[in-house]
Protein chains: 2
Amino acid sequence: MATPQLTKNQSLVMGALAHSEGPMSAYTILDKLRDQGFRAPLQVYRALDKLLEYGLVHRLESLNAFVACTCPHDHEHDRGVTAFTICEGCGQVTEFHDEAIEERLSALVRAQNFKTEKTTIEIRGHCGSCAA
Amino acid sequence: MATPQLTKNQSLVMGALAHSEGPMSAYTILDKLRDQGFRAPLQVYRALDKLLEYGLVHRLESLNAFVACTCPHDHEHDRGVTAFTICEGCGQVTEFHDEAIEERLSALVRAQNFKTEKTTIEIRGHCGSCAA
DNA sequence: TCAATTGCGTTATGCTATAACGTGTGCGAT
DNA sequence: ATCGCACACGTTATAGCATAACGCAATTGA
Ligand SMILES: [Zn+2]
Ligand SMILES: [Zn+2]
Ligand SMILES: [Zn+2]
Ligand SMILES: [Zn+2]
């Protein structure tokens with residue numbers, strides 16, 4: 001998916017996520033953007049849908065929240081699997097990718113005769129700084 | 001976590017999940033159990049909390065839904081990682097486990113100096129019967 | 001007996017996400 | 001030009017998921 005020019009709302013949501021320390025829920029984003037004229041959840045969700053489609057943003061299923069993609073390349077991990085560590089202490093999210101896991105998962109799933117459309121890998125725990 | 005005797009509510013929720021074809025949301029479970037006297041979401045959520053703790057039930061984060069554990073052993077996958085394929089067509093959920101993925105993930109996470117508490121792996125797609 | 005724990009029931013509330021409707025704008029085809 | 005279409009947008013209402021806070025009852029163990 002090539003990334004077209006973002007619309008005003010998409011840019012505002014992207015900016016909010018990019019400048020955030022950690023993940024944000026759609027409603028948290030909404031609150032951050034009220035001063036820029038946002039009034040309703042759909043304004044956020046519609047922008048997020050596009051940003052997810054362009055690969056600029058990831059959804060964290062276990063948090064019902066969103067983060068900006070930190071992948072160094074051109075968000076071309078369409079084919080690849082994206083994984084996250086999520087610290088319960090400080091909220092820090094780290095995105096990472098690994099071909100070995102991709103290939104192993106792919107083989108296991110193929111053995112089930114299953115066709116993958118989207119893979120979610122999220123690891124909850126504590127980062128080095130927050131470990132008790 | 002040893003599995004104590006289930007209470008009445010826990011048994012009812014467990015039964016509903018065990019006899020279901022696929023995953024169920026807490027509110028769907030509630031509706032199924034109204035005839036057995038269930039009246040409020042908390043009755044379901046409290047039972048689910050315990051069943052999750054005992055390892056008899058898994059939560060599917062990408063669906064906000066729950067499934068009975070199909071693991072053949074005594075639900076002793078406390079140490080292990082549980083993964084799921086989830087068919088968007090028929091709703092079928094297949095639970096599986098793989099040591100190679102566990103070890104690879106474990107190594108990657110350790111390299112981040114991160115302490116894992118819970119790992120979520122969910123693969124959305126289409127099963128063999130439902131593949132377009 | 002007394003305190004602590006656990007499960008239960010109820011009401012109310014909060015958070016997450018989408019349905020349904022209408023408006024406006026740009027742009028190619030007729 | 002103007003028609004038709006696609007797309008973004010704004011608004012209101014509603015649906016779906018989850019928990020807070022209160023009180024009561026049964027169990028257990030000191
Ligand atoms: Zn990314
Ligand atoms: Zn941390
Ligand atoms: Zn299991
Ligand atoms: Zn299927």
Side-chain angles (χ1 to χ4, degrees), chain A residues 1-17 20 22-54 56-67 86 88 91 118 120 122 124, chain B residues 1-17 20 22-54 56-67 86 88 91 118 120 122 124:
Chain A
M1 177 64 56
T3 304
Q5 190 63 24
L6 298 185
T7 69
K8 179 156 178 286
N9 283 4
Q10 288 159 21
S11 295
L12 286 167
V13 170
M14 189 67 223
L17 280 173
S20 165
M24 299 174 88
S25 77
Y27 279 75
T28 303
I29 295 170
L30 173 58
D31 286 339
K32 296 259 187 214
L33 295 180
R34 286 203 188 275
D35 292 346
Q36 277 72 45
F38 275 51
R39 310 280 304 163
L42 261 195
Q43 296 176 278
V44 177
Y45 282 109
R46 290 204 273 228
L48 284 172
D49 283 347
K50 287 300 182 183
L51 295 173
L52 289 167
E53 183 183 328
Y54 304 151
L56 298 174
V57 162
H58 297 289
R59 175 183 169 81
L60 298 174
E61 301 288 352
S62 67
L63 293 180
N64 292 327
F66 304 85
V67 284
I86 303 171
E88 313 267 5
K118 179 164 197 310
T120 297
E122 297 177 16
R124 306 283 291 269
Chain B
M1 176 67 55
T3 303
Q5 191 63 24
L6 298 186
T7 67
K8 180 156 177 287
N9 283 4
Q10 288 159 20
S11 295
L12 286 167
V13 169
M14 190 67 223
L17 279 172
S20 164
M24 300 173 86
S25 77
Y27 279 74
T28 303
I29 295 170
L30 174 58
D31 286 340
K32 296 260 187 214
L33 295 179
R34 287 203 188 274
D35 292 347
Q36 277 71 44
F38 274 52
R39 310 278 305 162
L42 260 195
Q43 296 176 278
V44 177
Y45 281 109
R46 290 203 271 229
L48 284 172
D49 283 347
K50 287 299 182 183
L51 296 172
L52 289 166
E53 183 183 327
Y54 304 151
L56 299 173
V57 162
H58 296 290
R59 175 181 169 82
L60 299 174
E61 300 289 353
S62 68
L63 292 181
N64 294 327
F66 304 84
V67 284
I86 303 171
E88 312 266 4
K118 179 165 196 307
T120 298
E122 297 177 17
R124 307 283 292 269

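Sequence lines set the chain letters: A, B, ... in the order given, protein chains first and strands last, and positions in each chain run from 1.
The A:Y45 side chain lies nearest to C:dT18 when the options are D:dC9, C:dT10, C:dT18. Nearest nucleotide to the side chain of B:Q10, out of C:dC8, C:dG9, D:dT11: C:dC8. Listed candidates were D:dC17, D:dC9, D:dT12. Nearest to the side chain of A:R46 is D:dC9. Considering only the side chain of B:P41, D:dT19 comes nearest among C:dC8, D:dT19, C:dT16. The B:Q43 side chain lies nearest to C:dG9 when the options are D:dC17, C:dG9, D:dT11. Picking from C:dT16, C:dA20, C:dT10 the nucleotide with the shortest atom distance to the side chain of B:A40 gives C:dT10. Of the candidate nucleotides C:dA20, C:dT10, C:dC8, C:dT10 has the atom nearest to the side chain of B:L42. Looking at the side chain of B:Y54, the nearest of the listed nucleotides C:dA19, C:dG7, C:dA17 is C:dG7.
Residues B:T7 and A:N64 each lie close to DNA chain C; by heavy-atom proximity, the contact nearer the 5' end of the strand is made by B:T7. Closest-nucleotide positions on DNA chain D for A:G37 and A:K50 were compared, and the one nearer the 5' end corresponds to A:K50.
The CE atom of A:M24 sits 12 Å away from the P atom of C:dT16 (whole-angstrom rounding). Taking atom CG on B:L6 and atom P on C:dG7, their separation rounds to 11 Å, with Å as the unit. Atom P of nucleotide D:dG10 and atom CD of A:Q36 are separated by 13 Å, given to the nearest angstrom. One can place CG of B:N9 at 17 Å from P of D:dA25, the figure rounded to the nearest angstrom. Between A:K8 atom NZ and C:dT25 atom P the separation is 15 Å, expressed in whole Å. Atom-to-atom, OH of B:Y27 to P of D:dG16 comes out at 11 Å; the value is rounded to the nearest Å. As a whole-Å value, the separation of A:E61 CD from C:dT16 P is 14 Å. In this structure, the CD atom of B:Q5 is 19 Å from the P atom of D:dA26, given to the nearest Å.
Side-chain contact check for B:I29 versus B:F38: every heavy-atom pair is 4.5 Å or farther apart. Taking the side chain as every heavy atom from C-beta outward, A:M14 and A:L56 approach each other to under 4.5 Å.
The residues A:E122 and A:R124 are annotated as not salt-bridged, no charged nitrogen and carboxylate oxygen being separated by less than 4.0 angstrom. Looking at A:D31 and A:R34, a side-chain N of the basic residue comes within less than 4.0 Å of a carboxylate O on the acidic one, giving a salt bridge.
Checking the phosphate oxygens (OP1, OP2) of C:dT16, no side-chain nitrogen or oxygen of A:R59 falls inside 4.0 Å.
Nearest approach of B:L6 to B:S11, heavy atoms of both residues: CB-OG, 3.4 Å.
Within the 4.0 angstrom heavy-atom criterion, only backbone atoms of the sugar-phosphate kind lie near B:R39; the bases stay farther away.
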